[in-house]
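A quick note: this is a predicted structure, and the numbers were derived from the prediction, not measured.
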Amino acid sequence: METFFSLLPQTLVNGLTLGSVYALIALGYSMVYGILKLLNFAHGDIYMIGAYLGYGVFIMFFTEQGALIPTALIIVLMLVVAMTGAGVISIVVERFAYRPLRYAPRIAPLISALGVSFILQNMVQITVSPRPLSYGSDTLIPRNAIFELGDLRIHASRLLVIGAAMIFMLFLTYFVRQTRLGRAMRAVSTDLDGAAMMGVDVNQVIVLTFFIGAALAGAGGVLVGIVFFSLRHTMGFLAGLKGFTAAVVGGIGSMPGAVLGGLLLGLAEAFTSVYLSATYKDVVAFVMLIFILLVKPSGLMGKPLLQKV
Amino acid sequence: MPSDPSENGKTTPEKGAGTEPPRIGTDEWVAQVASRKRQTRGFSGWLAMRWERIPLGWRFGMVLSLLILIPLATNTQAFLDLLGISNNAFIVRTATRFLVFALLAIGLNVVVGYAGLLDLGYVAFYGIAGYLYAYLSSDFVRIGSLGIDGLHVPALLSIPLIIAVTAMVGWLIGTISLRLSGDYLAIVTLGFGQVFVQLVLTSTRVRVPWQDRPVNFTRGPNGINRLDDVTLFGYTFESTIQYYYLFLVLLVLVYIGVRHLNFSRVGRAWRSIREDELAAEVMGAPTGRLKILAFVIGAGIAALAGSVDAAWQGNVVPVPRYSVLTLINLYAMVVLGGIGSLTGVVIGAFIFTVLPEVLRSSAVAGVLFYGAGLIGLYFLLKPFKRYALILIGTVSSGFLLKFLVLTLLPGLHTGLPEPGSILNQAVQSWLVIPADYKLVGNVVTGLSALVLLLTILARQRPRLFYPLLGISIYMLAFSWETRLALEPSATRILIVGATLVVLMIVRPHGLLGKPEVRVV
């Protein structure tokens with residue numbers, strides 16, 4: 001019991017770090033699903049692209065002599081480039097792989113998304129490198145940048161991840177709730193045809209949704225690189241799966257649900273690896289998913305499906 | 001520039017059936033007739049009509065005898081000389097893999113195509129059957145206290161047992177997930193598949209009450225090897241060719257069985273659920289039981305394929321054989337062939353097992369790449385005159401560019417150190433290849449994708465479209481020669497991915513699937 005409590009705060013921090021990244025990925029899944037009812041399986045690879053773009057900025061400004069500009073500025077630049085790049089690629093993907101299939105049977109865009117996922121992964125493998133890239137653990141944020149709160153020792157990079165994810169989510173909430181385009185997004189996700197008849201430019205809203213979702217995933221990719229130091233062209237697959245799981249646990253289509261699902265999944269994994277065994281963390285994540293869905297078939301915060309006849 | 005007839009209407013819908021929004025004011029009968037008419041148009045339509053006139057039994061027999069002949073015909077000296085290989089073991093192996101995947105895809109088609117349940121945990125049934133076979137027919141199970149030193153159950157007993165147990169698991173999963181629908185069913189079954197793989201990977205040191213030491217249940221990622229071969233009525237299947245014919249027999253039996261099932265009462269009820277579950281329920285179809293039945297039959301077929309497959313391979317390994325990658329492959333086969341079409345699914349399995357193997361050799365991949373490009377361009381630029389003009393224009397401006405470079409900047413062109421086959425040399429004689437071709441190739445590969453997409457966007461504007469098309473042909477050829485052909489392992493997946501996207505856009509209902517007629 002003693003060790004249980006002494007490990008608790010540390011585990012919470014780890015879980016929140018992981019959870020915020022999952023939440024960032026899950027938001028993109030959920031937003032796209034809410035509007036198009038499309039499971040965007042290429043979303044995990046967009047996250048991977050974000051991580052690589054961030055790394056590209058990092059090696060541009062971080063030569064062997066040390067940083068050319070202040071570290072904080074580098075991180076901001078990494079985030080900006082990764083988010084914009086991921087967003088643009090996602091728009092291109094939407095335009096060429098999903099838009100032609102908007103009226104097709106539901107499974108066709110799913111397969112097309114798998115194809116896009118293959119293309120993105122192997123493009124990165126051919127043009128960048130098939131080997132994993134590494135940040136080097138000490139370069140960006142020094143290893144001794146640790147905040148101590150009693151027994152709790154939090155590394156600055158974890159605070160950065162949690163903080164950045166919070167800021168993005170607050171901004172997203174503001175955007176969706178308060179702005180004109182946000183209102184258009186909510187309208188389209190409630191009823192696409194109805195919104196189109198009311199004069200909402202549906203294509204514009206869809207493009208915007210893809211951009212925002214991908215930008216969040218790209219930011220998640222950069223943040224993961226900062227905390228865990230390494231990236232691979234295949235990293236998007238499992239991350240995408242986890243983000244998808246988080247989105248469904250929270251109730252797919254609901255944005256607060258995606259965040260809740262992401263945090264829950266991250267916490268569950270952190271607690272399993274500390275108190276049970278790190279090998280079982282994926283098992284526990286998916287068992288949790290199955291149980292939550294069996295108790296609440298439309299996710300924690302999803303609206304139950306109503307069928308009109 | 002020839003004037004493009006599609007130029008006048010800015011809002012012309014894009015090509016491909018999937019782009020058509022539901023037609024308003026057309027009644028269902030008219031829409032169906034129209035779509036049937038569209039199917040008989042053109043060369044492929046003529047071919048399809050010819051094919052359909054042959055009686056069913058003849059068609060079936062023709063395909064079957066072709067399949068029977070594959071291992072024999074590819075073993076003749078003439079054929080081997082044609083390909084320049086010493087034996088046909090690789091071909092028979094690929095053909096056997098095709099049969100295994102065809103069986104699995106037929107089983108998946110029952111669940112996804114007939115009953116319309118998005119089951120993403122299907123591959124777990126395949127894995128469960130494989131592991132059950134491994135337990136029942138190898139030296140792996142050793143219980144000292146009972147004096148058991150490896151179980152070797154005869155296949156005639158073990159395979160039906162495995163099918164029964166796996167079908168029970170299917171029944172259980174079906175019953176549990178009955179209250180979920182659509183995408184939630186998909187994710188729960190996906191979770192189930194993941195749990196299976198993770199459990200297999202991690203159950204290597206499990207503490208059990210009846211033993212002191214932790215027990216290794218699965219040997220983790222190494223899997224279990226040295227499994228017994230299948231012995232039926234005293235005949236042991238050993239070589240791949242023998243398994244090929246075993247799988248062929250199984251495939252024919254399952255194909256006929258599923259085909260009859262599809263035309264039966266149950267099959268009709270499944271389709272009614274797929275089209276409209278509520279309506280089916282109101283009409284009195286026991287939807288719950290039917291859905292579970294689909295799960296059970298799908299699991300049973302997967303178990304049949306999985307257990308014989310484990311015997312053929314001689315081992316079971318969890319990753320990648322039973323992982324999501326296999327599932328993705330299976331879905332691609334089913335959807336590409338046409339959801340719900342039995343023949344289509346088998347064709348899909350054929351394409352997806354043969355295409356990656358063919359692309360393994362970069363010489364063949366090059367022929368396919370340029371060949372598919374030329375044929376695709378022909379359909380894109382149909383009358384032949386225009387097509388020839390564009391090609392001649394592109395080729396001659398490529399040579400002009402090379403001539404200019406050679407006279408003005410003589411140091412720029414160095415060529416590749418290893419030019420490759422004759423085709424590669426021919427293409428390279430047209431390209432300007434600088435010394436640091438790898439770096440330039442990387443940039444051009446990224447840019448050519450961009451230019452290609454821009455070209456597609458500009459297809460309504462001939463003045464922009466034809467020059468862009470020429471540029472993107474040149475850039476694609478360049479990136480193929482400098483990067484893609486040199487990394488076949490990544491390139492073949494790239495091509496498979498591109499094929500998936502393009503095929504889905506051109507035929508969203510798959511090769512042989514029936515186009516959905518939607519009427520508002």
* Asked: So do the side chains of B:T491 and A:N122 get within less than 4.5 Å of each other, counting heavy atoms only?
  -> no

For A:F286 and B:V197: C-alpha separation, side-chain torsions, deciding distance, then whether side chain to side chain contact (heavy atoms under 4.5 Å, CB included) applies. CA-CA 11 Å; A:F286 286 108; B:V197 172; over 6 Å; no

* To do: Measure the shortest side-chain to side-chain distance between A:I119 and B:L500 over non-hydrogen atoms and say whether it is less than 4.5 angstrom.
  => no

Assert top hit (heavy-atom pairs under 4.5 Å, partner chain A, pool B:V496, B:L453, B:T445, B:V195) equals B:L453

So CG of B:L120 and CG of A:L39: to nearest 0.5 Å the spacing works out to 8.5 Å

Value for CZ (A:F237) from CG (B:L325), rounded to nearest 0.5 Å, stands at 5.5 Å

Scored by heavy-atom pairs under 4.5 Å with chain B, the best of A:L114, A:I290, A:V287, A:I126 is A:I126

Okay, B:A279 and chain A: the region with an atom under 4.5 Å from a heavy atom over there is neither

Rounding to 0.5 Å, atoms OG1 (A:T245) and CD (B:Q194) come to a distance of 8.0 Å

_Are B:L457 and A:R95 packed together at the side-chain level, in the sense that at least one heavy-atom pair is separated by less than 4.5 angstrom?_
yes

- Query: For A:F41 and B:I328, what are the C-alpha separation, side-chain angles and deciding distance, and is it a side chain to side chain contact (heavy atoms under 4.5 Å, CB included)?
  - Reply: CA-CA 11 Å; A:F41 272 124; B:I328 289 176; over 6 Å; no

The test is side chain to side chain contact (heavy atoms under 4.5 Å, CB included); show your working for B:L190 and A:L241 and say whether it passes. CA-CA 9 Å; B:L190 181 68; A:L241 213 59; 3.6 Å; yes

Honestly, the part of B:L201 sitting under 4.5 Å from a heavy atom of chain A is neither

